[in-house]
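Each remark here refers to the structure printed beneath this line.
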4 protein chains.
Amino acid sequence: MTHMSQRRRGAVRSEAARVAILRATAHLFQASGYDNLAMESIAAEAGVAKQTIYRWWPSKSALVAECLLEGLLMPDLGLPDTGDVKADLIAWTDRIFTILREPSGESLVRSLIAAATENADIGRRLHDSLGTESSVTGRLADAVEAGQLRDGSRLQEIAEALVGAVLLRALGRIPIAAGDAERLVDTVLGGALAR
Amino acid sequence: MTHMSQRRRGAVRSEAARVAILRATAHLFQASGYDNLAMESIAAEAGVAKQTIYRWWPSKSALVAECLLEGLLMPDLGLPDTGDVKADLIAWTDRIFTILREPSGESLVRSLIAAATENADIGRRLHDSLGTESSVTGRLADAVEAGQLRDGSRLQEIAEALVGAVLLRALGRIPIAAGDAERLVDTVLGGALAR
Amino acid sequence: MTHMSQRRRGAVRSEAARVAILRATAHLFQASGYDNLAMESIAAEAGVAKQTIYRWWPSKSALVAECLLEGLLMPDLGLPDTGDVKADLIAWTDRIFTILREPSGESLVRSLIAAATENADIGRRLHDSLGTESSVTGRLADAVEAGQLRDGSRLQEIAEALVGAVLLRALGRIPIAAGDAERLVDTVLGGALAR
Amino acid sequence: MTHMSQRRRGAVRSEAARVAILRATAHLFQASGYDNLAMESIAAEAGVAKQTIYRWWPSKSALVAECLLEGLLMPDLGLPDTGDVKADLIAWTDRIFTILREPSGESLVRSLIAAATENADIGRRLHDSLGTESSVTGRLADAVEAGQLRDGSRLQEIAEALVGAVLLRALGRIPIAAGDAERLVDTVLGGALAR
DNA sequence: CAATAAACGAGACGGTACGTCGAGTCTTGCT
DNA sequence: AGCAAGACTCGACGTACCGTCTCGTTTATTG
C-alpha cells in the first residue's frame, strides 16, 4: 500500500507572500491602529496584489486574527509560574499595565478590542488570555492543584474578571497608578485564596 | 435679575434637527451596528443636511456618545437597591446577560465597545456602568455604608471586574448559562462581603 | 407675474470640472486610443474625483460622445461648398485620407469606430458625417437644388456609401494611394451626376 | 515519398483543445459580444487552461479572427451567382439587412467591428467581404467578364462602398426599411452597369 | 422694517478605500 | 512538450462614504 495522497494540481500557495502579508499587517496595525489599517496599504507594503490577500483571507479582521495567532501583534506576555499564583498574576497584570501606560500601548490594546468587535476569533482569544499565548485559566487550574487556591474556585470567572478589568481600563482610558495591579488581583482572587 | 445673555444674531439651533439626528443615529446604530453606521445615512434618515451634523458634532463617535448619554441606545438597566448588594448585583448582571443572550443584544453591546475604542467618553461611560445611568461603584459605596461590604473594600476594582467580565463575554461571544450571573458576582465580591 | 423659475437647491455643477474632464478625455483618447482610455487616468489628469465623472456621465463611451460633440476629438473637416459637389467631396475625402495615411490618424479613426460600437450616439454621428460638424447628406441636398445632381438621387445612400467606404478602409488598414479619393467619389456619385 | 518531417519531441498540440477553445470563443462571442468576452470564461467553458490559449494565440482578437476564418461566427452569406450581378448583390445585401434587423444580429455585427478595430486580419476580412467566405470584388470581376459591368469599372470602390454602407448602418443603428438593399446596390452600381 | 447673519436643505466636490474582475505570466505535477 | 489547475502581479473597475464647500432659503436679531 503506497502513500496515495492525491495532491491537487496547480501552483502552490506562496509562503513568501503569506509571510509578507502578515508582517505588513502587523507593522501597519501597530503603526496606525486597526481602523486606519487599509488593505491597499498592506498589499503595497507587502509587495503583493490585493487579490492575493482576498484569496486567502475574507476580511481585514481575519488577517489581524491570524497575525495575533502567530504572535506578531503582541509581545509574549507569558504568564509566569513561580509557584506563587498571586505574585505571578500581579507580575503579569503589572506588565500589561506598564504597556497600557504608554499611549502607544494603550491604543494598541484598544485596536485589538476594535478588531475583536468584528471578529469572533480575536474576541475569543482576548477572552482567554488577552491575546497572549498562555491562558490565565490554565495557570489558575495549576494553582488549585498546588493547593494555593481553594478547591471549587471559579477559575473561569476569576480569569474573566481580571482580564475584563484590564481591558475595561484600556477602553475607559483610566490612568493606572502604582499598586493597581496588586489591588486588582487581590480583588479578583478575593475569596479564592487558600488560607 | 436682568436679561444678561447677549444673544448673537441669526437663526438659532434647530431642536427638531438635533432630535431627528439623534433618533436616526440611535435607530441606525441598533439596526446596523457602529461600523456600518454612515453619516450620510443618518443625514438622509433624519431629513437633514450632512453639514448640520458636522456643525454640532465633530465625529460619528461623538454623535453616538450623545445618543448614549440621552439613553437612546440602551434600555435603562438601573442598578436596583433592595438593601442586599449581592442580590442587586446579580439581578443587574442577569438582566445584562439576558440581553447578551439575544444575538441582536450581543451585537449591540459589541457595537458599543467598538464605539468606545474610538471615543473616550463612551469608553469612560462603559467603564463606569456599562453605559447605563447608574454607577456600579456608587451602589457599592452605599453597601459599605450599610455594612454589607467590609470597610476598605476595593470598590473601584470590584466594579471594574464585574463590568469588565461582562464585556469580555460579549467580545468573546461566550454563551451564557443560567447561574453565570451569580457565579460572577460571587467571585468579584469574593472577600469583600461582610460576614 | 414674476419669473418663478423654481431653481433647484444645492451647489451648482462645476463648469471647470466639466471642461477639465472633457479636455482630459480628449487628450488621452488621442494619445492612447479608446480601449486604453481609463476613467482613472481621466480623473487624475483632470484633477477630479472619479465620482464626479460618474455623476454626470454613465460610461466612458458617453464621455467620448460628448467630446466628439464638442469638437474636441476631430479637427473640423467642414465639407466645403464651392459650388462643385464632386470637387468638394473629393477634397473632403482627400483630407480624410490624408489623416488616415498617418498611423496616428488611422488609429484615431479606428478608436472612434471602437467607441461607436459601444455608443449609439457616436455611431449615429459617425454615420451622419464621420463625426465632423457638417452632414454629407445636407451638402448633397444642396447640390440637387443647384442642379448638379439628378432629382431623385439617393442622397442618403450616396453619403453612406462614401463615408462607409472611408471607414471600411480604416478598419481594413488599406493603404491609400493618390487618386483614391477621386475614384471613390466618382464611384458613389456614379449615376447621380447630372450630365 | 519518404517520411521526412523530423518531428520535435514532446506531446503534440491537442486538436481537441483547439476546437473546444474556438467553439467556446464563438459561443461566448455571440452570447455576450466582443467586449464582454473574457479569456477566463473561454478557458472555463472550453475546459482548458488559460495558458493553453496563450500558447497558441497572442490575443483575444486573434482568437476571434480564427473563429471568423473557420466560419464559426457568421452564417455563410455566400454571394450568389445567378448571372445577374445586380440581383445577386441585392439578394446578398438583403440577407445581411435581415440579420441587422434583429437586435442580436446587429450587435453581432457591431461586435465584429469592435474586434476589427483591434485586429488587422479581422479588419481586412471585413473589408473584403463583410467577414463571409466570398469576396464581393471577385463577384464583380466575374460580372465584368460577363459583360454586365462596364470595363474599367472601379470594382474595389464599388465593393467598399457597398460593404461600408452596410457596416455604417450597423454602427449608426439605422433602422432598415424594405427596399433599402435595392436602393443601396442601385446607388453603388450607379454608372457601372452596362446598358 | 430693512439689513444682517446664522442655521438649514440640498447636493456637488476632491479624496481614499473598498472588494471584484480580468489580463497575462508563472509554477506544479500529470500525461 | 503539452496540458489542466491554479496562484501570482498588475491595473482598472464602479461604489460607498468621508469631510468640505457652495448654493439659495428660512429664521431670528439688531440697528
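All chains are named by letter (A, B, ...) in the order of the sequence lines, taking the proteins before the strands, and each is independently numbered beginning at 1.
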Between E:dA2 atom C1' and B:R9 atom CZ, what is the distance in whole Å? 11 Å
Between E:dG9 atom C1' and B:I21 atom CD1, what is the distance in whole Å? 12 Å
If you assign each of B:P58 and A:V48 to its closest nucleotide in DNA chain F, which residue comes earlier from the 5' end? A:V48
note: D:N36, atom CG; F:dC13, atom P; distance rounded to Å ~ 15 Å
Neighbour count above 12 (heavy atom, 6.0 Å) for B:R173 CZ: yes
E:dC13, F:dC3, F:dT20: which one has an atom nearest the side-chain heavy atoms of D:W56? F:dC3
Checking contacts here: which listed nucleotide (F:dT9, F:dA12, E:dC13) is nearest the side-chain heavy atoms of C:T52? E:dC13
Which nucleotide in the set F:dG6, E:dC18, E:dC8 lies at the smallest distance from any side-chain heavy atom of A:A11? F:dG6
Nearest-angstrom distance from the residue atom OH of A:Y54 to C1' of F:dC8: 17 Å
From CD of B:E118 over to C1' of F:dC18, roughly how many Å is that when rounded to an integer? 13 Å
Distance criterion of 3.5 Å, no angle test: do you see the side chain of C:K50 paired donor-to-acceptor with the base of E:dG15? no
At under 4.0 Å between heavy atoms, what does D:S14 touch on the DNA or RNA strands: base, sugar-phosphate, or nothing? sugar-phosphate
Measure from the side-chain N and O atoms of D:S32 to the backbone N and O of D:F29, and report whether any donor-acceptor pair falls under 3.5 Å. no
In whole Å, I'd like the distance from the CD atom of A:E40 to the P atom of F:dC13. 14 Å
Would you indicate whether C:R18, at its atom CZ, is surrounded by more than 12 heavy atoms from other residues, nucleotides or ligands within a distance under 6.0 Å? yes
On a heavy-atom basis, which atom in C:W57 and which in C:R13 lie closest, and how many Å separate them? CH2-NH2, 3.3 Å
For D:W57, answer base if it contacts any base atom (sugar-phosphate contacts may also be present), sugar-phosphate if it contacts only those atoms, and nothing otherwise; contact means non-hydrogen atoms under 4.0 Å. nothing
Expressed as a whole number of angstroms, how long is the span from C:R55:CZ to F:dT15:P? 12 Å
Donor-acceptor pair under 3.5 Å: do we get one between D:Q51's side chain and the base of E:dC26? yes
Atom CD1 of B:I53 to atom C1' of F:dC17: distance rounded to whole Å? 12 Å
